Protein chains: 2
Amino acid sequence: MSKHNIRLKDIAEELGISIPSVSRALNNKPDIGKETKKKVFELAEKLHYQRNQFAINLKNQKSFIIGVIIPQIVHHFFSNVISGIINEAEKLSYSVMLYQSNESYESELKGVDTFQRSMIDGLIISLSDNTINVDHLKNLQEHNVPVVMIDKVNPEMESAKIICDDYKGAYYATEHLISLGKKKIAHITGLADPYTIKERYKGFESALRDYKLTFYPNFMKKCNLVSREDGYTSTLTLLSENEIPDAIFCATDPTAIGAIQAIKEKGLRIPEDIAVMGFSDWKMASVVDPPLSSVAQPDYEMGKKAVELIINEIQLTRENKPIKYETYIMETSLILRESTLGK
Amino acid sequence: MSKHNIRLKDIAEELGISIPSVSRALNNKPDIGKETKKKVFELAEKLHYQRNQFAINLKNQKSFIIGVIIPQIVHHFFSNVISGIINEAEKLSYSVMLYQSNESYESELKGVDTFQRSMIDGLIISLSDNTINVDHLKNLQEHNVPVVMIDKVNPEMESAKIICDDYKGAYYATEHLISLGKKKIAHITGLADPYTIKERYKGFESALRDYKLTFYPNFMKKCNLVSREDGYTSTLTLLSENEIPDAIFCATDPTAIGAIQAIKEKGLRIPEDIAVMGFSDWKMASVVDPPLSSVAQPDYEMGKKAVELIINEIQLTRENKPIKYETYIMETSLILRESTLGK
DNA sequence: ATGAAAGCGCTAACAA
DNA sequence: TTGTTAGCGCTTTCAT
């Protein structure tokens with residue numbers, strides 16, 4: 001067993017030349033003899049030489065690692081974001097370190113700390129819902145580690161931000177329902193905290209107003225988790241009232257799926273009696289019965305964009321140039337299926 | 001702007017003491033004066049000192065990074081595996097570097113190469129379907145980087161392996177269908193290449209044999225992608241024959257969902273006319289109509305186990321101790337829903 | 001074209 | 001308890 005990995009020194013000694021010469025050869029520097037270079041390459045190959053990046057990192061103070069913190073990996077949106085990040089990072093020769101906060105602020109802190117110890121060159125983060133204080137991120141920036149925020153952003157952070165146009169997505173979704181002739185549209189939303197959910201609510205409301213539809217306060221259901229269960233029970237409540245909606249726009253797909261379940265149980269038809277619209281276009285949206293119309297977010301593209309931005313910032317930071325922080329708003333798109341269009 | 005990050009040297013100079021003293025203080029070594037220690041900590045705090053891990057890594061030849069390569073992140077099974085890996089790694093103070101091969105052998109090679117340059121301490125890998133040669137992994141092992149294989153394994157690799165008992169899972173699934181009184185059970189499988197799919201087929205066959213049921217060759221459908229479309233068309237073919245099955249066991253959940261779609265279109269009842277069973281218990285299994293019975297794999301647990309194993313091997317490698325490679329077979333569990341049980 | 005020397009930031013061995 | 005010295009593996013001056 002080779003006790004230690006091969007070093008430049010080993011090659012230099014065996015060839016009877018100096019270490020810098022070996023280094024020059026392997027790095028294809030101009031100032032090295034053709035003959036020497038050849039010999040070095042051959043021996044390196046033979047000994048399975050692998051450069052020791054630790055030393056190079058120490059010299060360059062650069063790891064070529066991007067840290068990524070997201071709330072949960074097992075989530076259609078985020079796994080696509082990550083997929084975009086990884087594929088793009090690969091193209092630009094960066095590695096991606098991944099951490100999930102599980103929606104815990106403490107865990108997010110720990111992630112930042114771990115990453116800081118791993119000497120990441122930059123951080124892409126989607127905040128946990130429980131994060132209000134962003135000092136840990138500001139601290140990172142002070143240590144010359146750029147931060148790019150994605151989706152779950154925070155106004156207190158001065159950084160590049162990538163969000164998707166939840167407002168417009170919700171507006172168009174509502175508009176679509178209106179175009180079907182629906183007049184009594186309900187909305188199932190979450191607690192107002194997460195920025196994205198709030199935007200969806202706003203978009204919904206604006207569309208109603210622009211098209212001069214009545215806003216029924218009873219048709220607004222707030223639920224905690226925007227989960228399938230919440231969608232189910234909220235819809236049952238909606239359907240138990242005197243006046244029931246002819247369409248439901250749900251702030252998330254799971255909620256919409258719960259709504260579908262409730263509507264079907266009540267013996268009502270979708271979309272004839274009640275049309276249903278979700279948000280995020282989860283993979284499951286296409287397999288429910290009826291298939292769910294939804295608002296698709298440019299998840300993969302957002303990840304890709306985040307990598308572009310962070311690498312650019314890493315570069316600028318390195319050159320000590322000023323960085324202009326912008327917020328990038330990416331467009332959503334309507335995915336129309338049977339839950340609104342019918343067969 | 002702080003041009004450079006704070007070093008031990010900066011603290012030492014400002015305090016008029018030596019660098020090692022600062023190091024000792026910050027590392028809570030015993031041989032350091034209480035007073036000095038206090039002063040060092042205070043100044044370090046004030047200057048926002050962050051240790052430079054590059055230097056420590058160079059010294060220790062250790063990165064505390066685990067590399068993970070999987071075919072695709074956007075996949076229910078793998079995202080859960082990764083979730084298990086990350087959460088467990090966090091507990092043990094390791095960072096996780098992630099790469100997806102997108103089922104390409106070349107991409108997998110590139111991932112290994114990138115990771116090697118990032119000086120990972122160990123690799124957890126689930127092979128791409130197109131990987132037959134494993135020299136890239138053997139090469140890693142030769143450079144003292146342990147490798148643990150998960151799910152998609154290769155018999156040529158001498159390494160720890162974690163798989164789940166696809167054979168038994170399929171056996172129990174089939175047994176369940178038999179227990180419902182079903183006698184003409186079809187199986188939709190994939191091309192035999194991936195080990196896991198083959199095992200599922202074997203388990204299915206064994207159950208039929210053990211329970212002395214007829215094996216109808218016509219009821220075996222092989223399809224390329226085990227996708228929803230393939231499941232749909234395969235089932236349509238099945239249903240167009242003279243004799244049709246009274247149950248279908250599908251090698252994957254998407255296939256099963258395609259099968260459900262086809263059966264419903266034909267006006268047959270599930271499970272009364274035809275019961276349907278999937279494999280992997282994707283998130284979508286619970287939202288289709290009727291909810292799909294499936295075989296759940298211990299994905300999260302597999303990820304967790306992989307971290308345990310790799311860190312143990314990293315330790316043993318470091319101490320130059322011999323490693324005994326074992327294959328861990330994790331149990332699946334039946335998740336029974338309406339597609340077999342009825343309402 | 002090549003070698004000698006210095007240094008990236010930190011820690012460990014040895015002295016004092 | 002503290003300082004001095006050396007070294008992790010590599011690259012980059014500066015000489016030659």
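We name chains A, B, ... by the order of the sequence lines, and we start the count at 1 in each one. Just so it is clear, the values below take in all heavy atoms, side chains as well, and ignore hydrogens, waters and symmetry mates. Keep in mind it's a predicted model, so treat the numbers as computed, not measured.
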S.K.: Does A:S23 make a side-chain N or O approach to OP1 or OP2 of D:dC10 shorter than 4.0 Å?
M.R.: no
S.K.: Just call it for A:I32: base, sugar-phosphate, or nothing, with non-hydrogen atoms closer than 4.0 Å on any strand.
M.R.: sugar-phosphate
S.K.: Determine, for B:K46 against B:E42, whether the closest basic-nitrogen to carboxylate-oxygen distance falls under 4.0 angstrom.
M.R.: no
S.K.: Nearest whole Å is fine: how far is D:dC8 P from A:R51 CZ?
M.R.: 19 Å
S.K.: Output the rounded distance in Å from CZ (B:F54) to C1' (C:dC10).
M.R.: 13 Å
S.K.: Can you figure out which of D:dT2, C:dA5, C:dG9 approaches the side chain of B:L58 most closely?
M.R.: C:dG9
S.K.: Can you tell me if A:K29 touches the phosphate of D:dT12, counting only side-chain N or O atoms and a distance under 4.0 Å to OP1 or OP2?
M.R.: yes
S.K.: Expressed as a whole number of angstroms, how long is the span from A:H143:NE2 to C:dG9:P?
M.R.: 14 Å
S.K.: With respect to the phosphate group of D:dT11, does any side-chain polar atom (N or O) of A:N27 fall under 4.0 Å of OP1 or OP2?
M.R.: yes
S.K.: Quick one about B:S21 and B:S18 (side-chain donor to acceptor, distance below 3.5 Å, no hydrogens or angles considered), yes or no?
M.R.: yes
S.K.: Tell me what A:I17 touches on the nucleic acid: a base, only sugar-phosphate, or nothing, going by heavy atoms under 4.0 Å.
M.R.: sugar-phosphate
S.K.: NZ of A:K37 versus P of C:dA1: gap in Å, rounded?
M.R.: 11 Å
S.K.: Without hydrogens or angle criteria, can the side chains of B:S83 and A:Q100 be said to hold a donor-acceptor pair below 3.5 Å?
M.R.: yes
S.K.: How many Å lie between CZ on B:R117 and P on D:dG9, as a whole number?
M.R.: 20 Å
S.K.: Please check the phosphate of C:dA4 (OP1 and OP2 only) for any side-chain N or O of A:S18 closer than 4.0 Å.
M.R.: no
S.K.: Once you round it to whole Å, what is the distance between P of D:dT11 and CG of A:N57?
M.R.: 11 Å
S.K.: If only side-chain N and O atoms of A:Y49 are considered, is one of them under 4.0 Å from the OP1 or OP2 phosphate oxygen of D:dG9?
M.R.: no
S.K.: Give one of base, sugar-phosphate or nothing for B:N52, where a contact means two heavy atoms less than 4.0 Å apart.
M.R.: sugar-phosphate
S.K.: Can you work out whether A:K59 or B:G16 has the more 5'-proximal nearest nucleotide on DNA chain D?
M.R.: B:G16
S.K.: For B:I56, report the nucleic acid contact type (base, sugar-phosphate, nothing); a contact means any heavy atom under 4.0 Å.
M.R.: sugar-phosphate
S.K.: With a cut-off of 6.0 Å (strictly less than), are more than 12 heavy atoms of other residues, nucleotides or ligands near NZ of A:K138?
M.R.: yes
S.K.: Nearest-Å distance, CG (A:N60) to P (C:dC8)?
M.R.: 13 Å
S.K.: Whether A:S21 contacts C:dT2 is assessed here as follows: a side-chain N or O lying under 4.0 Å from the phosphate OP1 or OP2. Is that the case?
M.R.: no
S.K.: Given atom CD of B:Q61 and atom P of C:dA12, what is their separation to the nearest angstrom?
M.R.: 14 Å
S.K.: Would you tell me if any nitrogen or oxygen in the side chain of A:T36 comes within less than 4.0 Å of OP1 or OP2 on C:dA1?
M.R.: no
S.K.: For B:Y49 and A:H143, I'd like to know if the aromatic rings sit close, meaning centre-to-centre distance below 6.0 Å.
M.R.: no
